Amino acid sequence: MPSSEAPLDDLARTPGVPKPDPILIVDNVQRTFGGLQAVNVQSLQIQRGTITSLIGPNGAGKTTLFNLLTGFDRPQHGDWHLNGGALVGIPSFRVARRGMVRTFQLTKSLARLTVLENMLVAAKDQVGESFWGGLFGRWRHIEAANEAKAMASLERFGLDHMASHYAGSLSGGQRKLLEMARALMVEPEVIMLDEPMAGVNPALTQTLLGHISALRDDGKTVVFIEHDMDVVQEISDWVVVLSQGTVIAEGPPAHIASNHDVIDAYLGLHHGEKP
Amino acid sequence: MLLAAIAFLAIVSMPLAALAENETIKGTLEKIDADAREPVEGVTITVEQGGDLIGSAVSDQNGAWEIPVPGAGEYVVRLEVETLPDGVALTDPERFELPDVSVRENQNKTARFNLGPGLSSGVSAWNRIGSLFVIGLKFGAIVALSSVGLSLIFGVTGLVNFAHGDLVTLGAVVAFFFNSPDLGGGWHILIAAIPAVLLVAGFGGLQEIGLWRPLRKRNTGLVSLIVVSIGLSFVIRYGILVAFSGLPRPYLNYAIQSDMQILGITTVPKNLAIIGFTLVVLALIGLFLTRTKLGTAMRAVSDNADLAESSGIDVSRVILVTWVVGAGLAGLGGVMFGISEQVQWDMGAKLLLLIFAAVILGGLGTAFGAMLGGFIVGVAIEMSTLVIPVEFKTAVALAILVVMLLVRPQGLLGTKERIG
Amino acid sequence: MDWVKILIDAGRAAVGVPAAAYALSAIGLNLQFGYTGLLNFGHVASMMVGAYGMAITVDRGGSMWLGVIVGILLALILGLILGIPTLRLRADYLAIVTIAAGEILRILVRSSWAEPVTNGILGIQAFADEFFDLNPIPVGLYGIGRFRFDERTVWVMILGWGLVAVVTLFMWKLTRSPWGRTIRAIREDEDAALSLGKNVFGYKLQSLMVGGAIGALAGMFLAIDQQNVTPDTYIPLLTFYAFTVVIIGGPGSLLGPITGSMIFWFLFEFLDGVMTGAVLNDWFFGWFEATDIGPIRFALFGVGLMWLMIYRPQGLFGSHEEMLIDAQ
Ligand SMILES: Nc1ncnc2c1ncn2[C@@H]1O[C@H](COP(=O)(O)OP(=O)(O)OP(=O)(O)O)[C@@H](O)[C@H]1O
Ligand SMILES: [Mg+2]
């Protein structure tokens, strides 16, 4: 259910349309691999406090765009800002510290750490994380607080009973859940989820969607990549469609579902050609 | 028990030998011309033991030189002919190397080189540079032959095989047995090379089937595979040491050749033969990789194994062939190395870091890169002695390796991919 | 064959000076490899700079204690210089650069260019008198039966195992802290750690430097025992020994390097005894001679390393659960 205030409803449905209160502004970001133009985004703005879905056919450049925005890959060209601060050339771990955290399409669980440790690693502001702090700092009370927080979060994601098991022993779907819960431990302002529902069983999907909506209600901004149009329709405030690296359409979910360009892109026809 | 105890101590506390007092090898270089004696200054003398450089010295204005050695034992003392001044030459050009100078405890052993006016008036700069270049090319050919397999295997399997150097040794040693009249048939080394290469190639195939393929099936990680290859290198190397003993030994053929002159450059014929033969083999490998179905399949697997698999290539078989070919080439490299120098149980292990240097210089995973890298490393090592002391020549190759990894990790011919 | 004697000798080796030295060296490597996942094949270089740092300082008239500080500082600097350019490389490339860097350093130390400082291939001797002068233990043999050590050995063993204990305590503090957890996270997946805001490069550098400093302590300790440093001691083999010790004990386990080293030396000496006996009793039908025992032992060492890495990558006593999920 798209949020009722819906400040986005009045916007033009053109690619690159400016948002009233953008948290993330992308300008002319380009990335080529050899001769292949993987990403070429002229202009894209993400509205603060909304759920934005990023959709597009396989190989459209969605993951690559995530990689670029979060500092895991470098574009040939381009500029982007988070909360007004430039992010070009900022290493990935600093992007995370600035409040934009991403998850991975191929889940990256820390296999030989326990589920609880996975969560604790992500916790912010732990003085014991520095070398000297770890040796001599007073980090135990912070640890206790983090642990309580982590357990509460694990409970919400239905992983609390696994807390003391190695993350490597989780199922694929459980790992997806853990990765999302772990990303939230960083307390990001913007959370970027790369296909969080892939491999999660349908019963859990509803719970996950609930979590994602709850994030928005907490004032966080969510950008997520998803292939399932039903899910996209159900949860997003705004949908951005990527095809062959460029944004070919954006708008509210209802608008996107009926957009010809989008249908063409998914059917693999060239942009502009009419069937 | 005593022997074993000594062996044990030598391994645990290798420096024991150095506790002995002051053994040195020394000498005085004089040009003897009719009745006139004249000290020869500025000539480099080096001392080696088991292929390791022990030390070097340059004769002073009195022609004197002295090199401390770590203890009693047998040493090879060599006069670096290129450093002789104009108008001075060895009276016997063959005797630039004294192969077994034996030093007793606390002895200051004197080693003698006889110098005279020589036939030609010294060695021209052209000859000096040229002959080093030829030696460099020859060594480069050996490194290139040995490297191609490592690079190909890395390309198709992602394994950096630390036991690859020992395949080189294996080739040299197997050829030695066939070449030896007592142990084998006393075959000419060029004939003996054939079963040697085939056996090492077969050993490569067996390794793949018996070890690496099962490990890949178990999804064993990169790091574990590297450590396994280190274990394997110990098994092969020390197995060879038991079978072959620690003494360096030459093949029956081509061990000693007299100098020849070509284009004003002094060299031995076998150097040119090794270079020429290697170039032919490498060209054939190049043709195989680019012109045959199997070769292109190899490169396809190297590029992207999943894609190759899905386009109908039998990846498993391609990997097996790569192991066979790669190991065979390493064995051939070993035979060439043995012809060029001598056969020794750890000759390949010592070559391993240079092979790495060659492969990384050219681009890990690319066969042509390994060839190019091999020749560059060989020439760089030998030519570097023109400007810096010989004792640094290995360091030069390793420095190339390190610098290359830092500035262009994909190598000269590699394509940029994520290696960070 | 005298089994009792063989077992006692092996037992002596398990608690002896080399076992302590390799435990120490392996603790440093364990921090780098076991906890952080760094495939550092140049570990021997830190042992070398530690030993040489101390030997040169004493040789130039400094005290041994100053020497210890110099050795550790040199190891830290080495870690910094080696780490900054290389730690971004993938594991296999890192292994190649570090092994090459170790060899370059050894070639430099033994060269005539460095000889005025390092004394070239002859190395430096007799720099630890200060330590042996402090020996409070009266002359004599200590222990029971064959299991005995003289006062000098006991003194060195006290130093060695004392160092092992202190460094293990330090490692306990360090690896049980959030810092330790973070380096383990980096070992598991760098990108995940980055995405959670961890400065992966900084942690790796710290781990390399601290592990190197511990390696330097091990190098100094070995050098003190032998009163001798020579460049050709510090060959890559020493690094591979340390790796084997770490893997026997279990990478990333706190006490692993200690048990690993004791088992390693026990087996090494035990094999030696058994094979010597076997050769003397001609159990090998005359195939092998006494001089073959050393090489055979090395070959067996290789077999053992392969076996461990394939079947017991989490160490001889690694947990079953961890084994199942091992997918490094
Ligand atoms: N490291 C790389 N090297 C070369 N090409 C790459 C690389 N990463 C991505 N590409 C190419 O860039 C294009 C975009 O890939 P990307 O992974 O961003 O697609 P995607 O939209 O996430 O697809 P999917 O829905 O299948 O996950 C693809 O054609 C892919 O082959
Ligand atoms: Mg994707």
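So you know, we letter chains A, B, ... as the sequences are listed, proteins then strands, and number each from 1. Everything numeric here is computed off the predicted structure, so don't read it as measured data.
- Proximity to chain B is absent for every atom of C/W307, based on heavy atoms less than 4.5 angstrom apart.
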Solution key, residues 94-109 of chain C side-chain donor-acceptor pairs under 3.5 Å, sequence neighbours excluded:
from: C/T98; atom 1: OG1; to: C/F41; atom 2: N; distance (Å): 3.0
from: C/T98; atom 1: OG1; to: C/L94; atom 2: O; distance (Å): 2.7
from: C/T98; atom 1: OG1; to: C/A95; atom 2: O; distance (Å): 3.0
from: C/E103; atom 1: OE1; to: C/R106; atom 2: NH2; distance (Å): 2.9
from: C/E103; atom 1: OE2; to: C/R106; atom 2: NE; distance (Å): 3.1
from: C/R106; atom 1: NH1; to: C/D232; atom 2: OD1; distance (Å): 2.8

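- Rounded to the nearest 0.5 angstrom, B/S229 OG and C/L305 CG are separated by 9.0 Å.
- Each of C/P236, C/P85, C/A126, C/G302 has some count of heavy-atom pairs under 4.5 Å with chain B, and the biggest count is that of C/G302.
- Once rounded to the nearest 0.5 Å, the distance linking OG of B/S233 with CZ of C/F240 reads 7.0 Å.
- Contact of the B/I230 side chain with the C/M306 side chain is not registered, since no non-hydrogen atoms from C-beta on lie closer than 4.5 Å.
- For residues 236-245 of chain B, the interface with chain C (any heavy-atom pair closer than 4.5 Å) comprises B/Y238, B/G239, B/L241, B/V242, sorted by residue number.
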Return all side-chain donor-acceptor pairs below 3.5 angstrom for residues 400-409 of chain B, not counting sequence neighbours, or 'none' if the list is empty.
from: B/R408; atom 1: NE; to: B/G411; atom 2: O; distance (Å): 2.7
from: B/R408; atom 1: NH2; to: B/G411; atom 2: O; distance (Å): 3.3
from: B/R408; atom 1: NH2; to: B/L412; atom 2: O; distance (Å): 3.4

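- Just one residue in the list B/L225, B/L159, B/L222 forms a side chain to side chain contact (heavy atoms under 4.5 Å, CB included) with C/D92, and that residue is B/L222.
- Residues B/F154 and C/R90 share a closest heavy-atom pair of CZ-NH2, 3.4 Å.
- If you measure heavy-atom distances from B/P389 to chain C, you find no contacts under 4.5 Å at all.
- The nearest pair of heavy atoms linking C/I121 to B/P70 is CD1-CD, 3.7 Å.
- Remark: B/K393 engages B/E382 in a salt bridge (Lys or Arg N to Asp or Glu O under 4.0 Å) (not counting sequence neighbours).
- For a residue to count as touching a neighbouring chain, one of its non-hydrogen atoms must lie under 4.5 Å from one of that chain's; by this rule B/V160 touches chain C with the side chain only.
- Note that CG of B/L364 and OH of C/Y93 are 4.0 Å apart. Values are rounded to the nearest 0.5 Å.
- Counting heavy atoms from C-beta outward, B/V223 and C/F33 have side chains that approach closer than 4.5 Å.
- For the pair C/S111/B/F392, a side-chain contact is recorded, criterion being any heavy-atom separation below 4.5 Å from C-beta on.
- Under a 3.5 Å cut-off, the side chain of B/R218 and the backbone N or O of C/I310 do form a donor-acceptor pair.
- Side-chain contact between C/T244 and B/F234 is absent, with no heavy-atom pair separated by less than 4.5 Å.
- When all heavy atoms are compared, the tightest approach of B/E391 to C/R110 is OE1-O, 4.4 Å.
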